[in-house]
Enquirer: 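This is the structure, below, for whatever I ask next.
This one's a predicted model, so the numbers in the text were calculated from it and none came from an experiment. To find a chain, count down the sequence lines: A is the first, B the second, and so on, and within it residues start at 1. Both backbone and side-chain heavy atoms feed into the values below; hydrogens, waters and symmetry mates do not.
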2 protein chains.
Amino acid sequence: MPANQEKEQPRRRQARGERRIAQLLEAAAAVFTTTGYTAASTNAIAREAGVSPGTLYQFFPNKEAIAIELGDRLIHEMRETYGEALAPVDPTTPLEEAVGSAVDRFIAFNCEHPVFFALMHGPDIPGRIAEEHDALHATLLSRIEGLLAALLPDVTPADLTRTAHMCLGLYKAGLELVLAHEGAEREAYVQELKNALIRYLDPLVGTRLGRRDTLRTAP
Amino acid sequence: MPANQEKEQPRRRQARGERRIAQLLEAAAAVFTTTGYTAASTNAIAREAGVSPGTLYQFFPNKEAIAIELGDRLIHEMRETYGEALAPVDPTTPLEEAVGSAVDRFIAFNCEHPVFFALMHGPDIPGRIAEEHDALHATLLSRIEGLLAALLPDVTPADLTRTAHMCLGLYKAGLELVLAHEGAEREAYVQELKNALIRYLDPLVGTRLGRRDTLRTAP
DNA sequence: CCAGAATGCGAGCGAACACTCGCGTTTGTC
DNA sequence: GACAAACGCGAGTGTTCGCTCGCATTCTGG
């Protein structure tokens with residue numbers, strides 16, 4: 001016989017419940033963004049949402065589940081909205097354009113969902129979120145690697161992997177600076193991030209036709 | 001009359017006490033490195049040092065004081081050993097050399113004291129450490145800015161500040177990757193970090209004599 | 001309209017943790 | 001050797017926080 005029913009049959013939710021869940025996740029996002037995951041107390045999240053602790057636990061079995069659900073939704077939305085940001089690129093596309101559009105998309109997402117950065121880069125995140133982050137990280141790396149492979153045909157795989165890691169790391173550093181500023185200054189940092197990535201990669205694609213001297217203005 | 005004695009007259013310590021303090025700080029460094037500041041329990045630190053919680057509190061008034069003392073010693077050693085790493089540079093020095101030696105020094109320090117990274121970049125650090133980190137950060141930024149000012153005479157102050165922030169951010173990103181690898185792969189990441197910084201800065205100093213085409217190998 | 005399920009509450013439980021206290025041991029000083 | 005101070009211990013204290021429980025209220029299907 002079947003040892004057990006579903007591990008958890010999806011509880012029948014009323015519309016009210018769905019609203020509460022959304023409300024709680026929004027509150028959790030706010031609290032996580034300002035205080036980080038571990039420092040955020042479930043009571044604080046419930047208070048932020050204007051409900052009692054008991055109500056919170058009506059919808060989430062524990063604190064980790066809140067972060068997981070939030071992370072799931074964010075990653076889902078990210079994949080859906082920006083999944084193609086790193087799609088294989090026509091090798092004739094200028095490097096500036098490829099880097100610029102990818103950076104713009106990811107920066108836009110992170111600016112719209114600041115909790116994403118807090119959840120993914122906090123040192124105190126629960127195991128499950130870390131797994132998701134690692135999965136996303138790996139996905140991004142392989143995408144970048146594929147993209148670079150098309151641009152840099154004569155580079156060893158190990159160098160390719162390392163370069164991809166560098167690109168992601170440099171992006172992350174730039175993202176932090178971008179999120180720390182606003183308005184015109186933020187835009188300036190976005191541009192600097194693009195510059196850093198382009199200049200880092202440009203010498204590697206130097207053998208391609210028409211790619212010389214893109215960095216220097218003509219004399 | 002003097003309102004009070006010294007806020008705290010330095011307690012008379014025996015040699016044994018000094019040894020215990022060093023031992024406790026070493027244990028704290030280990031625990032902070034592996035678990036971060038907030039997740040590290042004072043009992044765990046005491047256990048790691050092989051003493052009782054009461055003994056720990058014989059020498060430190062609270063958990064924060066442990067991190068502060070550790071941070072103080074690290075920053076002191078850093079200033080002493082590597083304070084000149086960013087000293088003003090002869091403008092004729094090749095950019096590669098200036099960047100290379102600065103990166104080498106800071107990387108070496110961080111590899112020798114991995115707890116430094118954990119303490120300074122954790123999101124959960126106590127206020128006092130954050131202040132020290134900010135002070136160090138500001139010092140580094142102004143040093144970098146001064147160094148860049150010598151290399152890039154015709155750049156506005158705002159751009160200079162932004163560029164300095166970018167350099168520090170890029171360094172931090174590279175440091176993380178360097179610390180995440182070992183042996184030959186670590187060395188390769190050090191080189192990539194240098195490349196990224198040099199290539200980022202090189203176009204800005206393009207007008208200087210003899211600084212053209214340092215990035216590309218001759219045809 | 002009514003039984004049962006879903007929702008909502010908030011006092012309170014248990015564990016973890018920073019920190020203390022009383023007392024015994026070691027060390028420096030005269 | 002005696003006295004005081006520094007050292008060392010570990011059970012204990014107060015608090016915070018994740019989470020529960022019993023009960024009241026609101027919704028939904030028949």
Enquirer: Among all residues two or more places apart in sequence or in another chain, which pass the side-chain hydrogen bond (donor to acceptor under 3.5 Å, both in side chains) test with B:Q23?
Expert: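 For B:Q23, the residues satisfying side-chain hydrogen bond (donor to acceptor under 3.5 Å, both in side chains) (neighbours in sequence not counted) are B:R20.
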Enquirer: Donor-acceptor pair, A:T35 side chain versus A:F32 backbone, under 3.5 Å?
Expert: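 Pair absent, no side-chain N/O of A:T35 close to backbone of A:F32.
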Enquirer: For residues 50-61 of chain A, which residue pairs pass the salt bridge (charged side-chain N to carboxylate O under 4.0 Å, His left out) check, not counting sequence neighbours?
Expert: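 Applying salt bridge (charged side-chain N to carboxylate O under 4.0 Å, His left out) to every pair that reaches into residues 50-61 of chain A, excluding sequence neighbours, yields nothing.
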Enquirer: For C:dT20, take OP1 and OP2 only and decide whether either is under 4.0 Å from a side-chain N or O of B:Y57.
Expert: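 No, B:Y57 has no side-chain N/O under 4.0 Å of OP1/OP2 on C:dT20.
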Enquirer: Among all residues two or more places apart in sequence or in another chain, which pass the side-chain contact (heavy atoms from CB on, under 4.5 Å) test with A:E97?
Expert: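 With sequence neighbours excluded, A:E97 shows a side-chain contact (heavy atoms from CB on, under 4.5 Å) to A:T93, A:P94, given in chain and number order.
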Enquirer: Can you name the residues that form a side-chain contact (heavy atoms from CB on, under 4.5 Å) with B:E18, not counting sequence neighbours?
Expert: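 Here the qualifying residues are B:R13, B:I21.
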Enquirer: Just jot down the side-chain contact (heavy atoms from CB on, under 4.5 Å) partners of A:H165, sequence neighbours excluded, or say none.
Expert: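 With sequence neighbours excluded, A:H165 shows a side-chain contact (heavy atoms from CB on, under 4.5 Å) to A:L141, A:T161, B:L177, B:Y189, given in chain and number order.
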Enquirer: Going by the salt bridge (charged side-chain N to carboxylate O under 4.0 Å, His left out) test, which pairs reach into residues 182-193 of chain B, not counting sequence neighbours?
Expert: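 Listed once each, the pairs are A:R162-B:E185.
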Enquirer: Using atom CG of B:D124 as one end and atom C1' of C:dC17 as the other, report the distance to the nearest whole Å.
Expert: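 Distance check: B:D124 CG to C:dC17 C1' gives 15 Å.
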Enquirer: With a cut-off of 3.5 Å and sequence neighbours excluded, list every side-chain donor-acceptor pair involving residues 106-118 of chain B.
Expert:
from	atom 1	to	atom 2	distance (Å)
B:N110	ND2	B:F106	O	3.0
B:N110	ND2	B:Y171	OH	3.2
B:H113	NE2	B:E77	OE2	3.1

Enquirer: Taking only heavy atoms on the protein side, list every residue of residues 60-68 of chain B lying under 4.0 Å from any atom of DNA chain D, sorted numerically.
Expert: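 Per residue number, the list is empty: none.
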Enquirer: In chain order, what residues pass the side-chain contact (heavy atoms from CB on, under 4.5 Å) check against A:E131, with sequence neighbours excluded?
Expert: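 Applying side-chain contact (heavy atoms from CB on, under 4.5 Å) to A:E131 gives A:R128.
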Enquirer: Check the distance between D:dC17's P and A:Y37's OH and give it to me in whole angstrom.
Expert: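 So the two atoms are 14 Å apart, to the nearest Å.
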Enquirer: List in chain and number order the residues that pass side-chain hydrogen bond (donor to acceptor under 3.5 Å, both in side chains) with B:R19, two or more places apart in sequence or in another chain; answer none if no residue qualifies.
Expert: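 None.
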Enquirer: Can you give me the N/O atom pairs linking the protein to nucleotides 5-9 of chain D at distances under 3.5 Å, or say none if there are none?
Expert:
from	atom 1	to	atom 2	distance (Å)
D:dC7	OP1	B:Q14	N	3.2
D:dC7	OP2	B:R13	NH1	3.0
D:dC7	O4'	B:R16	NH2	3.4
D:dC7	O3'	B:R16	NH1	3.0
D:dG8	OP1	B:R20	NE	3.0
D:dG8	OP1	B:R20	NH2	3.3
D:dG8	OP2	B:R20	NE	3.3
D:dC9	OP2	B:S52	N	3.1
D:dC9	OP2	B:T55	OG1	2.8

Enquirer: Name every residue in residues 38-46 of chain B that has at least one heavy atom under 4.0 Å from any atom of DNA chain C, in order of residue number, or write none if there are no such residues.
Expert: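 Going residue by residue through residues 38-46 of chain B, the ones with a heavy atom under 4.0 Å of DNA chain C turn out to be B:A40, B:S41, B:T42, B:N43.
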